[in-house]
Protein chains: 2
Amino acid sequence: MAWKLDSERPIYTQIIERVVAGIISGTYQPGEKLPSVRELAAEAAVNPNTMQKALSELERTGLVKSQRTSGRFITEDTGLINSKKSELAKKEIKVFLEKMESMGLDPEEIENYIHEYIKEEEA
Amino acid sequence: MAWKLDSERPIYTQIIERVVAGIISGTYQPGEKLPSVRELAAEAAVNPNTMQKALSELERTGLVKSQRTSGRFITEDTGLINSKKSELAKKEIKVFLEKMESMGLDPEEIENYIHEYIKEEEA
DNA sequence: ATTACTGTACTATACGTATAATACAGCAAG
DNA sequence: CTTGCTGTATTATACGTATAGTACAGTAAT
């Protein structure tokens, strides 16, 4: 099925985020071969050029490596993956908390809000 | 001083978010008159057209009203402001949690991460 | 009435992004 | 060797955004 992409932000950026999330969460395993550019483009319902751009950008993080003629592979460096994971998590938390505080919510309020939200979700 | 804007997303969108945050947090009080388009543009170090676009978009939320020749004013409807506040807070939490969960973190882990982060910040 | 301030409107230019349509080099399997 | 798959590169078109420059109608104060 087509990936969930919005038109608010560049598609290639969203693709990068999604693949990174896939690597970090383990959906894509270390050393695993990614589907080809054309396959992924079809799966995401996106132009191959856009997918190509996203994936080539993604290489700069070191999380994937391209083999030119055989395909693209997830890094086997689990240390890199884990460090990216905690790095990203911290960054997301920082951005989130700053946003909430700019709305005038203090940390305690935020924690309560989240706790309530999670409790609701589990119900 | 110039506002903190990045080039990742449309500037007018970021302006809207910032003004909304100002209203929600009380930085801009109900009924208060906003600086003029040109003033705000200068303050944000942005083109007046961009500021104009942001503010006219913002009207659709009802949080501000323009008086055509005298200026723009924050709504006096505190009920509207409060409902927008909780609405936005919930939305931000939802987006945040979804993002974190896409990285393979479960709710408890997330709560701990945040708690740690806030404790560090207060120190 | 003139001056100075509002919001608003319009044209033109520049840039990033997304898509479409091709093309090519390298490798593997038939 | 041919076929079919890789990643990669190139050109053209279209659209949204940002900026620059200019203009105009309505209001208030002088």
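To find a chain, count down the sequence lines: A is the first, B the second, and so on, and within it residues start at 1.
With hydrogens and angles ignored, the 3.5 Å screen pairs a side-chain donor or acceptor of B:Q14 with a backbone N or O of B:R9.
Two residues are said to be in side-chain contact when any heavy atoms from C-beta on lie closer than 4.5 Å; B:L63 and B:I81 meet this criterion. Taking the side chain as every heavy atom from C-beta outward, B:T61 and B:I16 never approach each other to under 4.5 Å.
Judged as a salt bridge (Lys or Arg N to Asp or Glu O under 4.0 Å), and not counting sequence neighbours, B:E109 has no contacts. Residues meeting the salt bridge (Lys or Arg N to Asp or Glu O under 4.0 Å) test with B:K53, sequence neighbours left out: none. Scanning for side chain to side chain contact (heavy atoms under 4.5 Å, CB included) contacts around A:K4 gives an empty result, with sequence neighbours left out. B:N47 is linked by a side chain to side chain contact (heavy atoms under 4.5 Å, CB included) to B:N49, B:T50, counting only residues two or more places apart in sequence or in another chain.
Along DNA chain C, the stretch of nucleotides lying under 4.0 Å from any heavy atom of chain A spans, 5' to 3', C:dT17 to C:dC27.
The stretch residues 30-41 of chain B touches DNA chain C through B:S36, B:V37, B:R38, B:E39, each having a heavy atom within less than 4.0 Å of the strand. Using a 4.0 Å cutoff on non-hydrogen atoms, the parts of residues 49-68 of chain A near DNA chain D are A:N49, A:Q52, A:S66, A:R68, ordered by number.
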Polar atoms only, N or O, under 3.5 Å: list the protein pairs with nucleotides 27-30 of chain D and their distances.
{"unit_1": "D:dT27", "atom_1": "O4'", "unit_2": "B:T69", "atom_2": "OG1", "d": "3.3"}

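Sequence neighbours left out, the pairs with a member in residues 63-86 of chain A that pass side-chain hydrogen bond (donor to acceptor under 3.5 Å, both in side chains) are A:E59-A:R72. Residue pairs meeting the side-chain hydrogen bond (donor to acceptor under 3.5 Å, both in side chains) criterion with at least one partner in residues 21-41 of chain A, sequence neighbours excluded, are A:S25-A:T27. Judged as a ring-ring contact (aromatic ring centres under 6.0 Å, His included), not a single pair has a partner in residues 99-123 of chain B (not counting sequence neighbours).
Between atom CD of residue B:E17 and atom CG of residue B:L58 there is a gap of 11.0 Å, rounded to the nearest 0.5 Å.
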Hey, can you pull the donor-acceptor pairs under 3.5 Å for the side chains in residues 95-103 of chain A, sequence neighbours left out?
{"unit_1": "A:E98", "atom_1": "OE2", "unit_2": "A:K94", "atom_2": "NZ", "d": "3.3"}
{"unit_1": "A:S102", "atom_1": "OG", "unit_2": "A:K99", "atom_2": "O", "d": "2.7"}

